[in-house]
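It should be emphasised that the depicted structure is a prediction, and the values quoted were computed from it without experimental measurement.
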Amino acid sequence: MSGYKFFRNICSVLTSVLIFMLFSCGTATTVTENMTEAKNAFKIYFVNNSEDKLVTEEYIAKGESAEERAGELIARLRSEPEKITLKKPIPDEIKINSWEINENILNIDFSETYRELTGISEILSRACVVKTLCQIEGVDKVEYTIDGQPLMYSELNPIGAMSGSDFIDNTGGETTYYQTVQLSLYYTDAEGKKLVNTRHNIEFDGTFSLEELVIRQLIDGPLEEENLAPVIPSGTKINKVSFKDGICYVDLSKEFLSGLDGVSDEVVVYSIVNSLAEVGSVAKVQLWIDGKTYGKYRETVPIDLPLERKLEIIETN
């Protein structure tokens, strides 16, 4: 019996050793595989259908180089997400002319149709692309161009290269991406006969369009130190600001029709038109009052058709 017990104990020990070795090898293999996957694992950012936050889906890249991975991730950003509640960041109508990585900056050159993206839709789309691509080792920033020209906040203010940290992850149900934009705005001097250009640096969270931001700033009036006069009648409210095919549609409340004492009607109208024309995508401005077009503003300035900027009304030094 003692020999049997000894043999049984030996078998038990050998079995334990074998089991330990098998599990040890299995664990080592699993850890190695997970580590390999982690190096190729990326979050692809998409926009939810209500356009109030970003949502990610996991993706394992096949390529090893930065260029190969960038190509894969860009293709994924242009593809339909797995969940029907999400939207792809780069719509079909927006074409990519080319892309390249140079000195850790990935430049994407889009077709002119990119300008059809405006307001919060554009910002969220850009956030998805930049946050996705900046995960690639060897890509620190992403830069946008349109047919070879820099993407602009306004005529004088390019967006430039963007990093993933420029876009704050949103978990609270509202957009939390802040950017500082420089607006070129037109107010008037004490005489009220000419427009005077000034520039404001504004922290902007992207929850409404850049065009609407311009109108809000005009309604708020100039800064005290600028020694300029307001151009929008008191009590004027924004009903809606929209943009399509190069035309910015501005719908204001009836208080806008009251005018301003000491300020010409032409200055009031063209403060809006000239200020919006400084936003890169705006070619013309159509003014509405409570959803309706008017033939003339206070029977003096025609506003029935879209208006282009007027240079001769600007004060020159």
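Placement of Leu117 and Ile247 in two distinct hydrophobic clusters is found when ILVMFWY residues are connected by side-chain heavy-atom separations under 4.5 Å, directly or transitively. Residues Val55 and Ile90 fall within the same hydrophobic cluster, defined by Ile, Leu, Val, Met, Phe, Trp and Tyr side chains chained together at heavy-atom separations under 4.5 Å. By the criterion of side-chain heavy atoms lying less than 4.5 angstrom apart, applied directly or through intervening Ile, Leu, Val, Met, Phe, Trp or Tyr residues, Ile219 is grouped together with Val268 in one hydrophobic cluster. Leu73 and Trp99 end up in the same hydrophobic cluster when Ile, Leu, Val, Met, Phe, Trp and Tyr side chains are linked at under 4.5 Å. When the side chains of ILVMFWY residues are joined at heavy-atom separations under 4.5 Å, either directly or via intervening members, Ile232 and Trp288 end up in two distinct hydrophobic clusters.
The shortest side-chain heavy-atom distance between Pro150 and Ile159 does not fall under the 4.5 Å cut-off. In this structure, the side chains of Glu308 and Val273 stay at 4.5 Å or more apart for every pair of heavy atoms. At least one side-chain heavy atom of Tyr45 sits under 4.5 Å from a side-chain heavy atom of Gln135. Taking the side chain as every heavy atom from C-beta outward, Leu287 and Tyr297 never approach each other to under 4.5 Å. Residues Tyr187 and Leu218 have side chains in contact (heavy-atom distance under 4.5 Å, counting atoms from C-beta outward). For the pair Ser111/Ile146, no side-chain contact is recorded, criterion being any heavy-atom separation below 4.5 Å from C-beta on. Residues Cys128 and Leu54 meet the side-chain proximity criterion, which asks for heavy atoms closer than 4.5 Å. By the 4.5 Å heavy-atom criterion applied to side chains, Ser184 and Ser275 are not counted as neighbours.
When the side-chain hydrogen bond (donor to acceptor under 3.5 Å, both in side chains) test is applied to Asp290, the partners found at least two apart in sequence or on another chain are Asn239. In terms of the side-chain hydrogen bond (donor to acceptor under 3.5 Å, both in side chains) criterion, Tyr249 has no residue partners (sequence neighbours excluded). Under the side chain to side chain contact (heavy atoms under 4.5 Å, CB included) criterion, Ser234 pairs with no residue, sequence neighbours left out. Residues passing the ring-ring contact (aromatic ring centres under 6.0 Å, His included) test with Tyr144, sequence neighbours excluded: Phe110, Tyr114.
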Notebook entry, point to check: Given Thr145 and Asp109, is the side chain to side chain donor-acceptor pair (under 3.5 Å) satisfied, shown in steps?
Noted result: CA-CA 5 Å; Thr145 55; Asp109 187 52; 2.7 Å; yes

Next item on the list: With side chain to side chain contact (heavy atoms under 4.5 Å, CB included) as the test, would you mind laying out the steps for Ile74 and Ile96 before giving the verdict?
Entry: CA-CA 10 Å; Ile74 289 172; Ile96 294 179; 3.6 Å; yes

Margin query: Between Asn107 and Asn102, is the side chain to side chain donor-acceptor pair (under 3.5 Å) condition met? List the steps.
Written below: CA-CA 8 Å; Asn107 171 264; Asn102 186 22; over 6 Å; no

Next item on the list: Go through Val214 and Ile272 one step at a time and tell me if the side chain to side chain contact (heavy atoms under 4.5 Å, CB included) criterion holds.
Entry: CA-CA 8 Å; Val214 168; Ile272 295 175; over 6 Å; no

Next item on the list: Any chance you could lay out the side chain to side chain contact (heavy atoms under 4.5 Å, CB included) test for Leu305 and Lys284, step after step, and finish with the verdict?
Entry: CA-CA 9 Å; Leu305 297 174; Lys284 296 181 179 181; over 6 Å; no

Notebook entry, point to check: How far apart are the C-alpha atoms of Leu183 and Arg199, what are their side-chain angles, what is the distance that settles it, and do they pass the side chain to side chain contact (heavy atoms under 4.5 Å, CB included) test?
Noted result: CA-CA 5 Å; Leu183 300 180; Arg199 293 189 178 93; over 6 Å; no

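Between Arg309 and Glu278 there is a salt bridge, since at least one side-chain N of the basic residue sits less than 4.0 Å from a carboxylate O of the acidic one. The pair Glu212-Arg216 meets the salt-bridge criterion, with a side-chain N (NZ, NE, NH1 or NH2) lying under 4.0 Å from an Asp/Glu carboxylate O. The existence of a salt bridge linking Glu315 and Lys193 is excluded, since no basic side-chain nitrogen approaches an acidic carboxylate oxygen closer than 4.0 Å.
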Please output the side-chain donor-acceptor pairs of residues 253-266 that fall under 3.5 Å, not counting sequence neighbours, one pair per line with the distance.
| unit_1 | atom_1 | unit_2 | atom_2 | d |
| --- | --- | --- | --- | --- |
| Ser253 | OG | Lys237 | N | 2.8 |
| Ser253 | OG | Glu255 | OE1 | 2.6 |
| Ser258 | OG | Glu255 | O | 2.7 |
| Ser264 | OG | Val267 | N | 3.1 |
| Asp265 | OD1 | Arg298 | NE | 2.9 |
| Asp265 | OD2 | Thr300 | OG1 | 2.9 |
| Glu266 | OE2 | Lys310 | NZ | 2.3 |

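The environment of CD in Glu57 is crowded: more than 12 heavy-atom neighbours from other residues, nucleotides or ligands sit within 6.0 Å. Heavy-atom neighbours of Lys43 NZ from other residues, nucleotides or ligands within 6.0 Å: at or below the threshold of 12. Taking a 6.0 Å sphere around NZ of Lys194, one finds it holds more than 12 heavy atoms contributed by other residues, nucleotides or ligands.
Listed by first and then second residue, the salt bridge (charged side-chain N to carboxylate O under 4.0 Å, His left out) pairs involving residues 218-231 amount to none (not counting sequence neighbours).
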